[in-house]
> 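Can you keep this structure in mind? I'll have questions shortly.
Note on naming: letters A, B, ... go to the chains in the order of the sequence lines (proteins, then strands), and numbering restarts at 1 for each one.
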Amino acid sequence: MNLLLTGEQRELRAAVRSFLTTVNPRDGYAPSGYERLNGELGLGGLIVPEEYGGSGAGHRDLAVVLEETGAALLPGPFLATVFAAIVLGELGAKEQLAAIAAGTPATVGPLWGGGVTESGGALTGEALFVNGAEAELVLVRTPQGVFACRGTASPVETLDITRSQARIRFDGEPALALGELPARASDLIAVALAAEQLGVLRAALAAIVEYAKVRVAFGRQIGSYQGVKHKLADLHCALEQAESIVRYAAWTADEDPEELPKAAALAQAYVGRACFQAAKESLLLHGGIGFTWEHDAHLYYKRAKSDEVLLGPPRIHRAKLADLLEL
Amino acid sequence: MNLLLTGEQRELRAAVRSFLTTVNPRDGYAPSGYERLNGELGLGGLIVPEEYGGSGAGHRDLAVVLEETGAALLPGPFLATVFAAIVLGELGAKEQLAAIAAGTPATVGPLWGGGVTESGGALTGEALFVNGAEAELVLVRTPQGVFACRGTASPVETLDITRSQARIRFDGEPALALGELPARASDLIAVALAAEQLGVLRAALAAIVEYAKVRVAFGRQIGSYQGVKHKLADLHCALEQAESIVRYAAWTADEDPEELPKAAALAQAYVGRACFQAAKESLLLHGGIGFTWEHDAHLYYKRAKSDEVLLGPPRIHRAKLADLLEL
Amino acid sequence: MDLAEYRSAARAWLAENLPASDPKTFMAALHDAGYSGITWPAEWGGQGLTQAEERAFAAVARDFSLPTYVFSIGLGMCGPTLLDRGTPAQKERYVRRLLRGEEIWCQLFSEPGAGSDVAGLQAKAERVEGGWLVNGQKVWTSVAQHADLGLLLTRTNVDVPKHKGLTMFVVDMHAPGVTVRPLRDMTGRSNFNEIFFDDVHIPDENRIGDVDDGWSVAVTTLLHERLSISSGVGMSGQRDDPSSFEALSASVDTGDPVVRDQLVELYVRSRALALFNQRLAQETKAGIFPGARGSAAKLLLAELTSFGADLGVSLAGPEAVADGHPLGAALALAPALSLGGGTNEIMRNIIGDRVLNLPPEPRVDKNVPFKDLKVNS
Amino acid sequence: MDLAEYRSAARAWLAENLPASDPKTFMAALHDAGYSGITWPAEWGGQGLTQAEERAFAAVARDFSLPTYVFSIGLGMCGPTLLDRGTPAQKERYVRRLLRGEEIWCQLFSEPGAGSDVAGLQAKAERVEGGWLVNGQKVWTSVAQHADLGLLLTRTNVDVPKHKGLTMFVVDMHAPGVTVRPLRDMTGRSNFNEIFFDDVHIPDENRIGDVDDGWSVAVTTLLHERLSISSGVGMSGQRDDPSSFEALSASVDTGDPVVRDQLVELYVRSRALALFNQRLAQETKAGIFPGARGSAAKLLLAELTSFGADLGVSLAGPEAVADGHPLGAALALAPALSLGGGTNEIMRNIIGDRVLNLPPEPRVDKNVPFKDLKVNS
């Protein structure tokens with residue numbers, strides 16, 4: 001088992017990080033930015049096999065990238081497309097994988113609960129889809145399996161303004177059957193999300209650590225007070241553990257399929273919680289400025305919470321762990 | 001509803017507190033001390049009706065006394081006798097109540113789980129009894145009801161050296177049937193225990209607050225560091241809430257029988273946990289000295305934990321609350 | 001008139017006069033009826049009655065919805081400060097109109113660079129012909145967009161330690177050079193304002209207290225602020241809160257024992273705080289002043305609010321963060337309670353220092369002239 | 001010899017020589033076989049090999065039970081300090097015998113009045129004819145009852161700030177005036193000792209480093225202490241711990257979903273720390289020195305241990321606190337991990353200061369002569 005980044009992964013991280021410095025999380029989906037992301041950096045088809053035009057990278061590489069897009073709160077359908085690529089990869093849907101490698105924005109949903117059913121090759125119902133309005137390829141989870149189908153998308157108001165969602169309605173649209181969703185796809189999605197959460201955690205902590213070095217109260221920097229310092233030390237401990245878990249879970253995704261389900265549930269159970277805690281403390285320790293709309297603290301806070309419930313109420317990951325541990 | 005102490009209760013508290021200053025929690029059961037406690041202070045029969053020789057006091061008064069005996073870690077069968085008096089009071093067992101008012105040390109058990117059964121007027125089995133070796137009057141909970149019966153007591157090693165326990169074995173000893181245990185008795189026992197826990201919490205917190213004012217590290221008192229100060233502030237918040245809950249629960253015991261079950265479960269769910277947290281933090285913040293046998297910090301820590309599980313694993317109180325709240 | 005009569009008269013009056021067409025008209029009528037400034041001296045427009053009547057009216061008023069929000073800063077903080085520290089002429093000029101709702105007040109202490117450390121503020125007032133000239137910025141000001149007058153704390157001396165160079169004024173919010181700008185907060189709404197002072201002239205007769213003695217005046221105001229917050233905490237509003245125990249146990253599926261256990265935790269914490277607040281209220285009624293212990297109630301409320309909103313969203317799942325769901329909105333608002341009226345860290349300091357009497361931190365800002373002190377730029 | 005051969009030779013040797021009849025005999029044999037002081041210079045009795053061999057041996061040794069506990073302070077702290085800071089004569093005199101187990105060492109820094117703040121110690125050494133005279137008390141000393149020699153930190157100057165008036169010595173534990181008294185701790189056992197020094201004479205040749213420069217020597221020792229603690233944390237011992245996830249899920253009734261959820265919490269925390277420790281170990285192997293980040297692992301282990309013991313007793317109920325139940329014993333021992341090797345608060349300071357580079361606390365003890373400093377009486 002290897003929990004360290006390779007030299008190549010460090011280079012990948014540096015390239016992605018450098019690209020993302022230009023991103024403003026409030027700007028929403030910028031197709032031109034995604035063209036560069038998919039083109040020059042080749043991130044869109046990162047985990048798509050080379051034979052379909054992708055980079056054929058593993059989940060450890062993917063985790064490195066998602067940590068950075070999470071830290072930057074990258075808006076637009078990047079994560080949604082990753083989720084779709086994971087599902088298509090597990091289903092072996094060549095044509096759609098090629099489309100993703102070519103830069104087609106995609107999504108899969110609903111990620112929790114139901115709402116859409118198939119009958120006679122057509123879909124009926126309604127559900128929430130991450131970036132449902134931006135996606136050109138929409139994968140729909142139904143009790144009858146996964147289908148590709150465009151419905152009518154209406155954007156909804158989201159707590160996390162950096163990640164749009166849409167309610168997509170299906171009124172008997174014909175759908176392309178792609179097969180039953182393998183359980184492994186859900187686990188891989190959980191690991192990918194945890195990698196994003198690790199990035200959000202790291203960025204939220206870094207922001208308050210820097211602020212604590214310069215903000216002054218009662219004649220000294222607030223980071224010199226143990227009331228602040230000890231909280232930040234605890235968050236650093238959480239970050240170290242979260243990073244270790246994400247590296248491990250990504251490693252099982254690539255190398256140890258039997259351990260993957262447990263590692264994926266562990267990653268959601270630990271990292272999701274730690275990420276929200278860090279974002280919350282970061283916001284609070286910023287004081288009044290952290291409560292303003294203009295400051296980014298609330299973007300991390302809201303992304304952290306939205307991520308924590310993205311795949312369902314967080315208790316489902318713990319319940320899954322209890323089952324896997326045969327408690 | 002009244003959550004404040006009356007003038008009389010303040011006097012009672014002062015008298016008990018003054019008496020208890022002479023108590024050393026490591027000395028074990030001192031019958032001579034109990035003679036004064038039961039005689040001069042009249043605490044043994046505090047809640048025994050006046051017609052049976054007691055003081056006929058209410059549960060609010062009892063809570064005031066137990067808070068003090070808890071804070072002093074009074075060794076010996078005081079709490080066990082209170083539990084027995086509660087059970088006998090609810091059963092209306094006049095003769096035994098009179099014995100208690102006259103100073104007979106008593107106990108009731110097992111407080112959790114089973115182990116003893118009745119058949120043909122005789123008891124068989126074995127169970128743990130708080131102060132089982134010191135008690136002259138032993139009340140035994142069986143599936144067939146409550147019985148008075150002396151078995152063969154063997155003291156056991158306890159984590160909490162300030163409160164002895166014994167395993168009592170019954171080999172067909174004839175037993176006096178006292179009736180079915182009313183649910184109310186269990187609630188009253190839970191409230192009484194919470195009052196003791198409030199005292200332990202208060203004393204553990206007071207000890208570390210005083211130490212933090214005098215102990216010096218790096219040239220200043222440790223209480224001036226926010227790392228210590230903020231922890232103590234949080235414990236103070238817990239103390240304020242614990243006191244409020246105990247006053248309320250004792251009030252329902254006297255005045256609002258319908259609310260008592262919920263209040264009793266609330267008291268155990270909140271105060272038991274808060275008490276152990278305070279005792280633990282108190283010990284840890286004492287530093288090395290708190291780890292020594294000679295220092296009293298570990299006595300509070302162990303009493304707090306032993307109290308928290310005295311009536312069973314603490315989750316039972318929360319489960320009861322869930323039922324009572326019809327969740 | 002005994003209290004029962006007082007209460008029923010108050011109830012009858014409120015029933016008759018509510019809902020009101022306009023806050024200012026209502027306030028004037030409330031004052032005419034004798035319910036504004038119940039404990040304030042009659043000399044300045046109050047009723048000169050006791051805490052008993054005030055509490056009785058407050059208890060009755062809880063069943064109604066009074067349109068008095070814009071007057072709350074004046075009634076809770078500015079008015080009491082004027083009564084404590086104003087000259088007779090100032091009381092004459094301001095208090096009655098405040099009680100009648102003729103002038104709306106706001107409070108101008110906090111600055112972007114001086115939050116927890118209010119005394120580190122930098123907005124400066126310089127002596128000029130006939131008064132003072134004010135330049136600087138204030139923030140987190142409620143109701144400023146409606147206010148006619150403001151209680152303004154300024155720096156008048158940088159050559160002395162920070163607490164010793166402040167002066168308090170009443171400022172005309174309509175004066176030239178005063179700009180009020182709504183401050184959008186993380187909920188997406190504007191609950192507060194920023195105020196900019198650009199060469200604003202204030203006559204010296206508007207000064208409250210002595211020159212450079214403004215901190216002692218501010219302490220009075222802040223004391224009244226804390227009292228008005230802590231007397232209210234946890235006592236009401238539970239019904240409307242989507243993350244309260246009552247609301248959550250009605251809205252989430254309790255089939256899972258783990259969910260039930262988490263709701264029990266919320267119940268336990270909520271009851272613990274509610275009972276503590278009731279005990280504090282009973283003590284106050286019995287003449288025991290809660291003092292700094294009120295900070296414990298404020299801290300606990302902030303933490304409970306945060307815990308409840310977090311739990312609520314976690315239990316409800318993805319739907320709670322879309323479509324303006326009330327639980328998502330509660331989560332966005334929750335930090336307000338941890339930041340307004342003193343952060344959690346400040347509350348813990350107060351409890352440690354003033355309730356537990358722990359030794360203070362070494363102060364690096366106590367004896368340093370303000371101009372030499374490390375401050376936020 | 002490649003590492004695989006090295007490993008299998010070590011395994012064969014350990015299998016042949018264990019269990020041993022007597023620790024000292026075993027240590028001498030271990031040295032003769034070339035497994036004591038693997039990375040230490042050959043000149044002073046070490047093997048002069050690399051970290052690779054040391055790690056290989058440690059990995060093999062984990063499958064055996066080596067009777068080396070009484071030598072652990074010498075091997076982990078005193079020996080490395082001598083190698084770093086001793087004179088050639090001192091190295092010649094002490095190091096080889098230490099590696100061969102001929103002399104047992106202990107470390108004498110902590111005092112009742114100087115725990116977290118080691119440099120605030122008061123045991124004093126005064127210059128006398130031919131050396132020094134030591135008076136004072138030390139505490140929390142492991143293996144002192146077996147020790148032949150001790151590394152002793154003393155105060156030699158009270159007219160300078162506290163860090164600048166300390167001197168380090170090697171003390172003969174059998175010298176007249178040295179009294180070792182077992183210290184009973186809250187577990188009821190004596191895991192540590194108190195040491196009293198009453199006019200104990202130490203020759204000047206036993207001084208390590210310069211007069212009044214003992215703090216820099218102590219820093220070396222403490223660095224080695226932290227390394228030897230943090231390299232071990234969380235890596236083993238889980239199997240024997242009754243409050244580990246594995247043990248608890250086997251011993252408690254998991255019929256209640258709430259119990260299962262609490263065990264999941266324990267599992268999550270345990271795995272989180274175990275994986276962090278594995279990552280640190282992999283980094284170390286890759287040449288990335290963990291430094292102060294090891295304090296995070298130590299803090300997390302202390303908190304996990306406390307959490308597990310508390311949970312275990314709570315799940316097991318009344319039986320866990322009677323009859324010497326292993327869970328009760330675990331609860332009594334749990335605080336040791338939060339107190340030994342630096343308290344949780346000290347760990348948080350280290351993480352804040354040295355990992356996050358946060359600004360330091362204002363220091364009131366930095367430039368004050370020791371005699372004027374506030375210390376514990």
> Show the nearest heavy-atom pair for residues B:V200 and B:A304, with the distance to one decimal.
CG1-CB, 4.3 Å
> Select, from D:L331, D:L373, D:V139, the one with the greatest count of heavy-atom pairs under 4.5 Å involving chain B.
D:L331
> Nearest 0.5 Å, please: how far is CG in B:L283 from CG in D:L339?
7.0 Å
> For chain D, which of B:G219, B:G290, B:A319 has the most heavy-atom pairs under 4.5 Å?
B:G219
> Which atoms of D:V368 come close to chain B, meaning under 4.5 Å heavy atom to heavy atom: side chain ones, backbone ones, both, or neither?
neither
> Does the pair D:L166 and D:T154 meet the rule for a side chain to side chain contact (heavy atoms under 4.5 Å, CB included), with working shown?
CA-CA 5 Å; D:L166 301 172; D:T154 64; over 6 Å; no
> Would you mind checking which part of D:L183 comes under 4.5 Å of any heavy atom in chain B, side chain (CB onward), backbone (N, CA, C, O), both or neither?
side chain
> Taking side chain as C-beta onward, heavy atoms only, is D:L304 less than 4.5 Å from D:L266?
yes
> Is the shortest side-chain heavy-atom distance between B:V216 and D:V375 below 4.5 Å?
no
> Against chain D, label B:I289 side chain, backbone, both or neither, depending on which of its atoms sit under 4.5 Å from a heavy atom there.
backbone
> Quick one: donor-acceptor pairs under 3.5 angstrom, chain D versus chain B?
residue, atom, partner, partner atom, Å
D:P112, O, B:R215, NH1, 2.8
D:P112, O, B:R215, NH2, 3.2
D:D117, OD2, B:F218, N, 2.7
D:R184, O, B:W293, N, 3.0
D:M186, N, B:F291, O, 2.7
D:M186, O, B:K302, NZ, 2.5
D:S306, OG, B:K280, NZ, 3.2
D:D310, O, B:K305, NZ, 3.3
D:D310, OD1, B:R273, NH2, 3.0
D:D310, OD1, B:K305, NZ, 2.3
D:D310, OD2, B:R273, NH1, 3.4
D:D310, OD2, B:R273, NH2, 3.0
D:S314, OG, B:K305, NZ, 2.7
D:L315, O, B:R315, NH1, 3.3
D:V321, O, B:L159, N, 2.9
D:D323, N, B:E157, O, 2.5
D:D323, OD1, B:R167, NH1, 3.4
D:D323, OD2, B:R167, NH1, 3.0
D:D323, OD2, B:R167, NH2, 2.6
D:L331, O, B:Y301, OH, 2.7
D:E345, OE2, B:K231, NZ, 2.7
D:E361, OE1, B:R220, NH1, 3.0
D:K374, NZ, B:Q221, OE1, 3.3
D:N376, OD1, B:V216, N, 2.7
D:N376, ND2, B:V216, O, 2.8

> Who wins among D:G188, D:P335, D:A334 for the most heavy-atom pairs under 4.5 Å with chain B?
D:P335
> With a 4.5 angstrom heavy-atom cut-off, which part of D:I346 approaches chain B: side chain, backbone, both or neither?
side chain
> Which bit of B:L111 comes within less than 4.5 Å of chain D, counting heavy atoms only: side chain, backbone, both or neither?
neither
> For residues D:P326 and D:P242, report the shortest heavy-atom separation together with the two atoms involved.
O-CG, 3.6 Å
> Please lay out, stage by stage, how B:L66 and B:L79 fare under the test side chain to side chain contact (heavy atoms under 4.5 Å, CB included).
CA-CA 8 Å; B:L66 286 170; B:L79 183 73; 3.8 Å; yes
> What part of D:A114 gets within 4.5 angstrom of chain B, counting heavy atoms only: side chain, backbone, both, or neither?
backbone
> So what's closer than 4.5 Å to chain B heavy atoms on D:V313: side chain, backbone, both or neither?
both
> Among D:A316, D:G317, D:A332, which residue forms the greatest number of heavy-atom pairs with chain B at distances under 4.5 Å?
D:G317
